[in-house]
Amino acid sequence: MSGEVRLFRSVKEIPPEDYYTAGRRTCAGCGPALAYRLVLKAAGPNTVVLGPTGCMYVANAHQFLTSPYALPWFHTQLGGGGAAGIGTAAAFRALMTKRKRIPEEINVVVFGGDGGFADIGFAGLSMGVSYDYPRLLYVLYDNESYANTGIQASSTTPWGATTTFTPSGKVKRIGNERLKKNVALIMAAHPGVKYVATATLWPPLDLPNKVRKALESGGPSFIHVLTPCPKGWFTPPDLAVELSRLAVETGLWVLWEYENGKFKLNYKPSPRKHVKQYLQLQGRFAHLTADDIEVIEERTKKEWEMWMEMERTGRLIIPWPSSPGDSGDNMTL
Amino acid sequence: MKVVTRVSEALQIPRKKPITGARAIAEAVKLADVDVIAAYPIRPYTGIMNALAEMIANGEFMAEIIVADSEHSQFEIAKHASAVGARTFVGSSGVGLAYATEAIIVTAMDQLPVVAIAGCRALDDPGNFGMEWNDVLLFRDSGWLISWAKDPQEALDMTLVAYRVAEDRRVMLPHFIAVDGATITHIAAPVDVPSKKDVTEFLPLYRPPYPLDPAYGPVTKAQHIAPSLIGPEQRKHVDVAMKRAREVIVEAWKDYANYVGREYSPFIEAFHMDDAEVALVTMGAYTINALHAVEKARKDGVKAGLIRLRYFRPFPFWELRKVLSSVEGVGVLDFSYSFGSPDSGGVLFNEVRAAMYENPKPALDFLFLGGREPKPDDFVRALKILYEYVRTGKTPGNKRVFWLTLRGEDV
């Protein structure tokens, strides 16, 4: 760990400099774009940014050979995020150790989507957090689908969402029937990882402060950021922050961090809003019946017993019942 | 280029000692002071990484050695380390190379001078430790430079020269050194290891033109593009680099000889070609067996010659045309195959034939597929079939392609 972590105490302390700027063609109201901007503001100028293929690859330029990055940035293949971070960090360490480059603290931030980190690049990400490179941060911007290719389900798409690969039909009514993978819990199960957190675009200081903590943690780190996607969620473009807030307040998105072997809940919705307040705003859940929504509400309620147990004990627990509505067994990590 | 007096070198006791090909390549990587190494196990190339890991663990030199989760990650690690400005080393064999295909391809398109060993191995299925060239040749169209070593000594020399060529600003392309499987990696032979001083002078520090490093300002690399904007132009960049590589390769080997004292003809090695009427063409480790067959035939009065290609990419078509201009027939000793290709032949066979298109020669293909070890007699037989073909225009079964190690009928 390299000294005191400088945390933002108010929005006014967030630096005006942007490292993720104009020159891109992300959608109006793009959640991931806001996350990029906040993460890089917090990371600052001594940062290398890497991006596996994903909507934030294709959307971040394309037509006019422009680049939104005021920092070094390099593409990596869809499954290459973990390796790209390791290769970059290893190069800096080797060159500095061998005095081929002046020693300096350089952040390596890899932004992967849910496809890039939860699916095809999952093994690489696991390898990435198993090495001891400080200032290596993996940020999963999770818009809960392969949005660039036309909204196909990933392993973080929530139960009940329609996507073009999991449409709601006459026979298969629910749409996506898989439960959302909790990548952050899996990352926290890696003994070498120094900092793991979840975040979203609300509360405003939560994400930038977690980036600061991650980069100062002295080892590899991972932040799973829920980023609303107007295109994939079928929502108006002005709702990105509102949806982030509702995801937290309904308990569907749990803000937590894991540091020095200790679990900490960052926000306890009290009272927790009913999940329908979040779901009903989104076209991808429009086909769900009141009963379906109750299934989600019940499952969320049960999960929260476990999240509260984690908060109480400071330990990680796998919080899911084995099937929707089933209380099941829980495993302590 | 620097001219050195060789007096001090000549006075030294030869440093030749028997080491395996794997060790020889590892010695080259150490001499090149490689910064980042990415490893993942698959036979037969693994021995190189074992040797490097041991050297690093014992403090013989310093490099970051990453045990990757897959070959795909391995090649991505090397690519990204190279973009920052590190000298990198990576490698694989058989299906491992196939698994890494995506990462291998983008490394060339990004023009990053990664150096990789391809320890040739038959592709699955079924699993097979034998030697075939099809794994490396998956990348013949990818923009990688591909050279082929015949023995541990040349594998060491080629590794050092590969860094020099790949990192030359006129080239900036990644480089495979193909070695014929265990025939090189696991066989000990006397190897002269060059001095650190000579290698340091021959191989300057790697300095990429646009490092991915905040100290050099914001560089956006491999941004997504509209194909109409720079699609063909980007491909042309790689094309020009590959074309320029020809002159850089010639320069590099000449300079290497100045420092290290071993001379190689850069693109092809020719044996008994001055008066040859028939010629065998091959690459790699079995050259020595082919040479024995050629010399045996010569004792029987057959004017036979042998050509070994040292590079597959860039393909030495010009040199090949020249050296084959006076022969009456060509036989390719081929460890590669392309199912359904013209005349159902090997990859090398059809490349050689394409190179000879303007001045065609009767050509036969002798295949050694599926990893079964050829016998010395197979090469003798190949030469007999070729000589008979040149003399009479006839071959057994009127065929042009022979599966020499096949048991049962060659249909």
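Heavy atoms only: backbone and side chains are in, while hydrogens, waters and symmetry mates are out. Order of the sequence lines sets the chain letters (A, B, ...), proteins ahead of strands, with each chain counted from 1. All values derive from a computational prediction rather than experimental measurement.
- For residues 208-217 of chain B, the interface with chain A (any heavy-atom pair closer than 4.5 Å) comprises B:Leu212, B:Asp213, B:Pro214, B:Ala215, B:Gly217, sorted by residue number.
- Within a 6.0 Å sphere centred on CZ of A:Arg24, heavy atoms belonging to other residues, nucleotides or ligands number more than 12.
- Contact of A:Phe122 with chain B is not made at all, since no heavy-atom distance falls under 4.5 Å.
- B:Arg235 CZ: 12 or fewer foreign heavy atoms inside a 6.0 Å radius.
- Atom CG of B:Leu112 sits about 5.0 Å away from atom CZ of A:Phe74, to the nearest 0.5 Å.
- Residue with the most contacts toward chain A among B:Val219, B:Ile65, B:Val36: B:Val219 (heavy-atom pairs, distance under 4.5 Å).
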Please assess B:Asp33 against A:Lys98 for the test side-chain contact (heavy atoms from CB on, under 4.5 Å), listing each intermediate value before the final yes or no. CA-CA 10 Å; B:Asp33 192 28; A:Lys98 295 163 93 168; 2.9 Å; yes
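- In this structure, A:Arg212 places its CZ atom where more than 12 heavy-atom neighbours from other residues, nucleotides or ligands lie under 6.0 Å away.
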Would you sort out whether A:Trp73 and B:Gln223 count as a side-chain contact (heavy atoms from CB on, under 4.5 Å), showing the intermediate values? CA-CA 9 Å; A:Trp73 179 92; B:Gln223 183 60 290; 3.9 Å; yes
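- Your options are A:Gly124, A:Gly121, A:Pro68, and the one with the most heavy-atom pairs under 4.5 Å with chain B is A:Gly124.
- Contacts between A:Ala70 and chain B at a heavy-atom distance below 4.5 Å involve the backbone alone (N, CA, C, O).
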Under the side-chain contact (heavy atoms from CB on, under 4.5 Å) rule, what do A:His75 and B:Asp110 come out as? Steps first, then yes or no, please. CA-CA 10 Å; A:His75 173 230; B:Asp110 291 326; over 6 Å; no
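- Residue B:Thr107 holds its OG1 atom at 8.5 Å from CD of A:Gln77, rounded to the nearest 0.5 Å.
- Ranking A:Thr76, A:Asn46, A:Val49, A:Leu50 against chain B, the residue ahead of the rest is A:Thr76, based on heavy-atom pairs under 4.5 Å.
- Listed by first and then second residue, the salt bridge (charged side-chain N to carboxylate O under 4.0 Å, His left out) pairs that reach into residues 63-73 of chain B are A:Arg93-B:Glu64, sequence neighbours excluded.
- Per-residue counts of heavy-atom pairs under 4.5 Å with chain B were compared for A:Gly81, A:Ala90, A:Gly80; the largest is that of A:Ala90.
- Looking at B:Thr220, both its backbone and its side chain come within 4.5 Å of chain A, counting heavy atoms on both sides.
- Heavy atoms from other residues, nucleotides or ligands lying under 6.0 Å from NE2 of A:His190 number more than 12.
- Heavy-atom pairs under 4.5 Å with chain B were tallied for A:Leu95, A:Val48, A:Thr47; the largest tally goes to A:Leu95.
- Listed in order of number, the residues of residues 74-94 of chain B that approach chain A to under 4.5 Å between heavy atoms are B:Glu76, B:Ile77, B:Lys79, B:His80, B:Ala81, B:Ala83, B:Val84, B:Gly85, B:Ala86.
- Within 6.0 Å of the NZ atom in A:Lys41, the count of heavy atoms belonging to other residues, nucleotides or ligands exceeds 12.
- Scanning residues 51-63 of chain B against chain A with a 4.5 Å heavy-atom cutoff picks out B:Met62, ordered by number.
- Applying the 6.0 Å contact sphere to CD1 of A:Ile102 captures no more than 12 heavy atoms from other residues, nucleotides or ligands.
- Between B:Leu229 atom CG and A:Leu65 atom CG the span is 4.5 Å, to the nearest 0.5 Å.
- The choice from A:Pro72, A:Ala91, A:Ala83 that makes the most heavy-atom pairs within less than 4.5 Å of chain B is A:Pro72.
- With a 4.5 Å cut-off on non-hydrogen atoms, A:Tyr131 touches chain B through its side chain but not through its backbone.
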